[in-house]
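Below: one structure, written as structure tokens.
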Amino acid sequence: MNIFRHFEERVEAALASLAAEGALPAGLDTSRVAVEPPRDPSHGDLSTNAAMVLAKPAGLNPRALAEKLAAKLKAEPSVTEVAIAGPGFINLRLNDDIWRAGIPEILRAGVGAGSSDLGAGEAVNVEYVSANPTGPMHVGHVRGAVFGDALANLLEKVGYRVCREYYINDAGGQIEVLARSAFLRYREALGETITIPEGLYPGDYLKPVGQALKAEHGPALAQMDEAQWLPIVRDTAIDAMMELIRGDLSVLGITHEVFYSERALHKSGAVEKTLKLLEDKGLIYTGVLEAPKGEQSDDWEARPQTLFRSTQFGDDTDRALKKSDGSWTYFAPDIAYHLDKYNRGYRTLIDVWGADHSGYIKRVKAAVAAVTDGKAEIDVKVCQLVRLFRNGEPFKMSKRAGDFITLRDVVDEVGKGVTRFMMLTRKNDAPLDFDFAKVMEQSRDNPVFYVQYAHARIHSVLRNAKEAGVADLSDGALAGADLSLLKDEAELGLIKLMGAFTRSVEQAALAHEPHRIAFYLYDLASAFHGLWNKGKDEPGLRFIIAEDRNVTLARLALIRAAAYVIAAGLEILGVEPAEEMR
RNA sequence: GCACCGGUAGCUCAGCUGGAUAGAGCAUCAGACUACGAAUCUGAGGGUCGGAGGUUCGAAUCCUUCCCGGUGCACCA
């Protein structure tokens, strides 16, 4: 049970009954009423702002309304104390048993702890990574990939039906560059000595593509005109690059359900159809855009183009759908793509992009609004840059041809779990520092280690408990423990924090902010480590008390539950919990 | 010039979509191991929440306007 949500319902019920008695006007908007943990635990277990929020519309003094509401809430069975504080907060103190009851629930749920039905099965589309299929993934892609994947996990956790999607930009000019680069490697495979000119991709990763082309086609391609060989080489190269990318993603544990091809949109006529749709809405015209104000580009000249009236939807300028030569811009098929998502039934769309695309947000939001008549929500999450360090020194990124740090370089050095966790220790729109040495440090200021250590310590206790002769450590047996024996402030603090897990997960999901899970886990680990050390000062608080089986069982239940919550949280982040630190 | 994102303790950052006396880690200082792993914990000091206005019962959070840093600014993808 989510205690916070339960009490939100109780507050609503109390308000309704006040309304029925005529003490409140009927039909008040209660959407701003919240039940939260108070910032200062000494104020109680729960706090509601209901009286302050509703005082004005009800035409009442906040404290007077609080008095009435407090009287109702006092009657709730699990409420032991009601206090009115400050400008009209109502603080509730609950019977500790209602918090303790969370432990057997967690033990039953296991790593399913924290799940909820908030999303009610609603379909959500999360598009992330979508790196151009022109080479292996590099370090700049990692954050967005991890973020998108964790966000998808998070939404699933609270009951959304999530589609993980990758948009393949397989139609632009960079694909021709890829094809020409691969063709060179093909000629190399045939025995020619090649030099790779400026502007083509020099990376070694295209060598196998050249070999594959040779194996399949022999020398035949070399006899053809570019117009003939290019489509062949292109298709082979794209397939090979997507294979490469899928492999890279798999080392981070990422799998997309849908890979959506931009070229398919062109082929199917979806782009024309979308343009027609916009035309029918009167949102298309031919015009000339103003010169950009930034650094002057020499080759700018005024040209009439097919434009979309995105300014009608809040964009800064109208946007080109066709280039001056009449071919589509990148934007045109992207509109068709988002419309396609809508037509596949998604009303909530989430795009995860790198910081360098932030200037593109408004036009896509405008396009989605236009093309769906405002019926779809689109949230664009931009991941800021990751700054790389080693021992505090900025990492020198060579700009030389083909020389970059890949996703695999990172994962090979620090591992999947550390990479994923670290990428989620900042909110997405703040830059992130990633120090190869620091993330491997075993100390409190490394959150991955700190959280994993808490989990490992719990398992260490459980191993010791077995040796100390606790016969049945099953979840069922622990769930039956007499939890009223958990009375210490530190124990209850841990219990209450776990009781807020579901709420934290839901809040993180609604905000589309997986980093909050990482911070929650750090807090939980801190509460656990604190309890552990308290047992050093006061031996009576140790988890395993040889002469008191009941207390031992209760405490093992507590920490077993804590381990499940940590594991559940880590699962959202896509990190495997450690049972031992090595 | 415009847009977007940041600006919170000496440093790195949270701050639960407007709540109460703004919180963590690092660093500094003072403490806790004959150990369920001290790889940890307890405590102390440290703040004009970039500046100035505004909105209201109440602002780090919303609005306006400046300042600083980052990112991006026709047809690229």
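All values below come from the heavy atoms of this structure, side chains included, with hydrogens, waters and symmetry mates left out. Just so it is clear: chains get the letters A, B, ... in the order the sequence lines come, proteins before strands, and each one is counted from 1. All figures in this text were calculated on a predicted structure; none of them were measured in a lab.
Listed pair A:Lys536 / B:A38 meets the phosphate criterion, a side-chain N or O lying under 4.0 Å from OP1 or OP2. Contact between the side-chain N/O atoms of A:Arg457 and the OP1/OP2 oxygens of B:C41 is not found at any separation under 4.0 Å. Residue A:Lys362 has a polar side-chain atom (N or O) positioned under 4.0 Å from OP1 or OP2 of B:C4. In terms of phosphate contacts, A:Trp532 brings a side-chain nitrogen or oxygen within less than 4.0 Å of OP1 or OP2 of B:A38.
Under 4.0 Å is where a charged nitrogen must lie from a carboxylate oxygen, and between A:Arg463 and A:Glu579 no such pair does. Of the charged side-chain nitrogens involved, none lies within less than 4.0 Å of a carboxylate oxygen, so that A:Glu441 and A:Lys438 do not count as a salt-bridged pair. Remark: A:Asp45 does not engage A:Arg93 in a salt bridge, criterion side-chain N to carboxylate O under 4.0 Å.
Under 3.5 Å, the side chains of A:Tyr285 and A:Asp318 contain a donor-acceptor pair of N or O atoms. Side-chain contact of A:Asn91 with A:His43: a donor-acceptor pair under 3.5 Å is absent, judged by distance alone. Side-chain atoms of A:Tyr330 and A:Asn169 form a donor-acceptor pair, as typed in the model, at a separation below 3.5 Å. Remark: the A:His529 side chain and the A:Arg444 side chain contain no N/O donor-acceptor pair separated by less than 3.5 Å.
For B:A3, the paired base is B:U71 (Watson-Crick or G-U wobble, both distances below 3.5 Å). In this structure B:G23 sits in a base pair with B:C13, meeting the Watson-Crick or G-U test at under 3.5 Å. Across every strand in view, B:A44 sits in a pair with B:U28 that passes the Watson-Crick or G-U test at under 3.5 angstrom. Across all strands shown, B:C33 remains unpaired; no Watson-Crick or G-U wobble contact has both distances below 3.5 Å. In a base pair of the Watson-Crick type (N1 to N3 plus N6-O4 or O6-N4) or a G-U wobble (N1-O2 and O6-N3), with each distance short of 3.5 Å, B:U61 is matched with no nucleotide.
The C1' atoms of B:A24 and B:A9 are separated by 11 Å, rounded to the nearest whole Å. For the P atom pair drawn from B:G51 and B:G47, the interatomic distance equals 14 Å after rounding to whole Å. Spacing of C1' atoms, B:A74 relative to B:C2, comes out at 14 Å, to the nearest Å. The separation of B:A52 from B:A59, taken at their C1' atoms, amounts to 15 Å, rounded to a whole angstrom. Comparing the P positions of B:G54 and B:U8 gives a spacing of 24 Å, expressed to the nearest Å. When the P atom is used for both B:C5 and B:G18, the distance is 16 Å, rounded to whole Å. A distance of about 34 Å separates the C1' atoms of B:C66 and B:G25, rounded to the whole Å. Annotation: B:U55 and B:U12 have their C1' atoms spaced 34 Å apart (nearest Å).
Note: CZ (A:Arg143) to P (B:U71) measures 14 Å, nearest angstrom. Atom CG of A:Asp316 is separated from atom C1' of B:C4 by 9 Å (rounded to the nearest Å). To the nearest angstrom, C1' of B:A77 lies 13 Å from CD1 of A:Ile238. What separates NE2 of A:His529 from C1' of B:A32 is a distance of 17 Å, to the nearest Å. Counting to the nearest Å, the C1' atom of B:C76 and the OH atom of A:Tyr360 are 11 Å from each other. If you take CG of A:Asp537 and C1' of B:U40, they are 12 Å apart, rounded to a whole angstrom. At whole-Å resolution of the value, CG in A:Asn169 and P in B:A77 are 9 Å apart. For A:Asp334 and B:A77, the CG to C1' distance is 10 Å, given to the nearest whole Å.
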Protein heavy-atom contacts under 4.0 Å, written 5' to 3' over nucleotides 11-21 of chain B as B (base), S (sugar-phosphate only) or - (none), form the string -SSSSBB-BB-

Polar atom pairs between nucleotides 26-31 of chain B and protein, under 3.5 Å, N or O only, would you list them?
none

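Ring orientation note: the planes of A:His455 and A:His459 are tilted relative to one another, at an angle of 30° to 60°. Classified by interplanar angle (parallel below 30°, tilted 30° to 60°, perpendicular above 60°), the ring pair A:Phe308/A:Phe331 is tilted. Taking the six-membered ring for Trp and thresholds of 30 and 60 degrees, A:His138 and A:His141 have ring planes inclined between 30 and 60 degrees apart.
Checked against the 6.0 Å centroid criterion, the rings of A:Tyr337 and A:Tyr167 qualify as a close aromatic pair. Annotation: A:Tyr450 is in aromatic contact with A:Tyr522 [ring centroid separation under 6.0 Å].
If you check every strand for non-hydrogen atoms under 4.0 Å, A:Glu441 touches nothing. Here A:Ser443 lies in heavy-atom contact (under 4.0 Å) with sugar-phosphate atoms only. Looking at heavy-atom distances under 4.0 Å, A:Ser460 makes contact with a base.
Closest-nucleotide positions on RNA chain B for A:Ala320 and A:Arg463 were compared, and the one nearer the 5' end corresponds to A:Arg463. Between A:Ser327 and A:Val382, the residue anchored closer to the 5' end of RNA chain B is A:Val382, taking for each the nucleotide with the nearest heavy atom.
Of the candidates B:A77, B:U40, B:U71, the closest approach to any side-chain atom of A:Tyr330 belongs to B:A77.
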